[in-house]
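Along the sequence shown, residues carry numbers from 1.
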Amino acid sequence: MRRIAANYIFPVNKPPLKNGIVEIDHNGAVLNLIDTKGDFTESRNLEFYNGVIVPGFVNTHCHLELSDLKGKLKQGLTHPGFIQEMVKFKKSHTIESTNKTAFLEDDLMKRNGIVAVGDIANTELTIEVKHKSNIYYYTFIEVMGLSNNSEKIIINGLDLLKKYQSNKLSSSIVPHAPFSVSPELFERIKSLAIQTNSIQSIHNQESDSENQMFGSKQGKLVDAFLTLGINLDNWKATGKNSLESVIDFLPNNNTILFVHNLYSSKNEIEKICKTFKNPFFVLCPNSNYFIESKYPDIELFMNYSDKITLGTDSLASNTSLSILDEMKTIKNINSDISFETLLSWATINGAKALKCDNKYGSIEIGKQPGINLISDFDFTKMQITDKSSIKVFA
Ligand SMILES: [Zn+2]
């Protein structure tokens, strides 16, 4: 057993404990959480650290299979330009390069204090690394297609799903984005999701040209598709924004992760909360800035703070897979936000979104949540600093 103490412990499910002690077994399971009230009379075998102790982080949006694209794409391409470049680079993927970088980044995520990941996959390339990893992965098998071959796309998706599930990896079939999935394909994904009550995820309003495409079948995204040779003859604009155009294609009772929401309005965010039983908003500020040179408007989401989770997106559009780095960015663009709020987005909310909060998300007896120390913490403001770093205990 280890007895670890720090200036504060943030269990997340209850207020922080000053000079608290957490006792864990050799597997990192929490045996006891002690409120010393600042008095360390019981200091036997105690390890004390300067900083704050928090549960392991949950990264709810990642594309591990794109790890070998780190540093390959230029910043500020805007989303349509990014998609065009991605199509080019994806062709240069090899099993060897993907595998090598995915193993490396999985290990880096662990060292960045991440214990659970919602990861998008288009291929089987990450099965091996996920199977061997200590991180809990929930894999979203992403399908897309605008032509009339939705049956074939679903069959291929189900084949891939079977491969993940036969390796005991939790996974489900999900739509890529409003603009890349035909109505027929959306219907097929929806009925599968309802049958299995699976967790769903969709990239939502990552660029303004997505709304333009649905509004008038014009704009940079349409141009990008035509340049890539994607046939849009059968695709019809709806005259509405993208979210409104596809909202009926999404299952109301499933847990759904709406990713990015960079161009979502206050009304659209409210509409999501009214329409769906268990929605979550995944914010990926560093990726958004990399691609669109814009940050999400955090204020718009604050009424739904218990629905906000954090994601890194892929290394094609980020320089690190670190939830702490996303927290630093949010703290810098929204100085009013409290550390406790930010921490709940980085831990328990993500664990609930991936339905793994029985084990992760908070430091509670019986859970095995991962134990991180954040050092270089500002105790005057009770907030992380740009210098804050992570030490992983379990
Ligand atoms: Zn993504």
Side-chain angles (χ1 to χ4, degrees), residues 1-6 8-17 20-36 45-49 51-62 64 103 105-119 126 129-139 164-165 167-171 199 255 280 306 309-312 321-324 327 340 342-375 389-394:
M1 179 181 80
R2 286 180 77 176
R3 308 183 76 232
I4 301 167
Y8 284 90
I9 293 180
F10 284 80
V12 173
N13 65 319
K14 55 183 181 185
L17 308 176
I21 302 172
V22 59
E23 295 178 347
I24 54 172
D25 73 8
H26 62 285
N27 290 317
V30 178
L31 302 171
N32 205 0
L33 186 61
I34 302 162
D35 186 355
T36 65
N45 303 326
L46 193 70
E47 303 169 45
F48 183 89
Y49 298 91
V52 300
I53 285 172
V54 300
F57 297 133
V58 181
N59 178 3
T60 51
H61 186 71
C62 185
L64 194 61
F103 269 105
E105 293 298 334
D106 169 75
D107 187 53
L108 277 175
M109 276 203 274
K110 253 176 261 167
R111 285 192 269 146
N112 287 335
I114 293 170
V115 291
V117 177
D119 190 63
T126 54
V129 53
K130 287 171 180 168
H131 189 68
K132 290 181 177 165
S133 177
N134 291 328
I135 290 177
Y136 171 73
Y137 282 96
Y138 189 98
T139 302
Y164 276 85
Q165 292 185 340
N167 279 282
K168 297 194 167 49
L169 294 165
S170 305
S171 39
I199 309 173
T255 295
F280 287 92
D306 60 335
T309 72
L310 303 181
T312 58
L321 302 182
S322 162
I323 289 297
L324 182 65
M327 293 166 78
E340 273 186 274
L342 205 46
L343 185 63
S344 68
W345 300 357
T347 56
I348 190 69
N349 293 2
K352 285 180 180 165
L354 299 182
K355 296 190 183 175
C356 57
D357 53 313
N358 58 334
K359 181 172 177 185
Y360 302 108
S362 55
I363 302 178
E364 288 181 67
I365 294 172
K367 282 195 181 185
Q368 205 180 336
I371 302 289
N372 294 334
L373 174 80
I374 303 181
S375 53
S389 58
I390 293 281
K391 182 178 168 67
V392 176
F393 291 117

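- Inter-residue side-chain proximity for I199 and Y138 is flagged as met; some heavy-atom pair is nearer than 4.5 Å.
- The shortest non-hydrogen separation linking I9 to I4 is CD1-O, 4.3 Å.
- Residues K367 and S362 bring a donor and an acceptor atom of their side chains to less than 3.5 Å of each other.
- Of all the heavy atoms in S133 and K110, the pair that sits closest is OG-CE, 3.9 Å.
- Distance check, rounded to the nearest 0.5 Å: CD1 of I323 to CG of N59 gives 4.0 Å.
- Proximity of V30 to V22: side-chain heavy atoms (C-beta onward) are separated by under 4.5 Å at one or more points.
- D119 places no side-chain N or O within donor-acceptor distance of the main-chain N or O of Y137, the cut-off being under 3.5 Å.
- Taking CG from L31 and CD1 from I24, the interatomic distance works out to 8.0 Å, rounded to the nearest 0.5 Å.
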Evaluate the criterion side chain to side chain contact (heavy atoms under 4.5 Å, CB included) for residue pair T309 and V58; output intermediate values, then yes/no.
CA-CA 8 Å; T309 72; V58 181; over 6 Å; no
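- Counting heavy atoms from C-beta outward, V52 and P16 have side chains that stay 4.5 Å or more apart.
- Once rounded to the nearest 0.5 Å, the distance linking CZ of F57 with CG of L343 reads 6.5 Å.
- Closest approach of F280 and D306 over heavy atoms only: CE2-O, 3.9 Å.
- Taking both residues in full, the closest heavy atoms of G361 and P369 are given as N-CB, 4.3 Å, listed atom of the first, atom of the second, then distance.
- Looking at K130 and N167, their side chains never come closer than 4.5 Å, going by heavy atoms from C-beta outward.
- Side-chain contact check for I363 versus V12: every heavy-atom pair is 4.5 Å or farther apart.
- Here salt bridge (charged side-chain N to carboxylate O under 4.0 Å, His left out) pairs that include residues 22-36, with residues two or more places apart or in two chains, are R3-E23, D35-K37.
- Residues I53 and I371 are in side-chain contact: their nearest non-hydrogen atoms beyond the backbone lie under 4.5 Å apart.
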The test is side chain to side chain contact (heavy atoms under 4.5 Å, CB included); show your working for N32 and M1 and say whether it passes.
CA-CA 10 Å; N32 205 0; M1 179 181 80; over 6 Å; no
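- Contact of the Y164 side chain with the T126 side chain is registered, since non-hydrogen atoms from C-beta on lie closer than 4.5 Å.
- In terms of heavy atoms, A116 sits closest to C356 at CB-SG, 4.1 Å.
- With rounding to the nearest 0.5 angstrom, the NZ atom of K359 is 13.5 Å from the CG atom of L354.
- Under the 3.5 Å distance criterion, the side-chain polar atoms of Q368 are matched with a main-chain donor or acceptor of N27.
- Counting heavy-atom neighbours within 6.0 Å of K391 NZ, excluding the residue itself, gives a total of 12 or less.
- Of all heavy-atom pairs between P55 and N372, the closest is O-ND2, 3.5 Å.
- Using a cut-off of 4.0 Å between Lys/Arg side-chain N and Asp/Glu carboxylate O, K132 and D106 are scored as not salt-bridged.
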For I21 and T36: C-alpha separation, side-chain torsions, deciding distance, then whether side chain to side chain contact (heavy atoms under 4.5 Å, CB included) applies.
CA-CA 7 Å; I21 302 172; T36 65; 3.7 Å; yes
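- Put simply, CD1 on I374 and CE on M327 are 5.0 Å apart, with the number rounded to the nearest 0.5 Å.
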Show, in sequence, the C-alpha distance, side-chain angles and deciding distance for K355 and S170, and conclude whether the side chain to side chain contact (heavy atoms under 4.5 Å, CB included) test is met.
CA-CA 11 Å; K355 296 190 183 175; S170 305; over 6 Å; no
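- Using a 4.5 Å heavy-atom threshold, the side chains of Y136 and I114 count as separate.
- A donor-acceptor pair is defined here as one N or O able to donate and one able to accept, closer than 3.5 Å; such a pair exists between the side chain of T60 and the backbone of L310.
- Legend: residues meeting side chain to side chain donor-acceptor pair (under 3.5 Å) with S171, ordered by chain and number and at least two apart, are absent.
- Here the straight-line distance linking atom OG of S389 with atom CG of N112 works out to 10.5 Å at 0.5 Å rounding.
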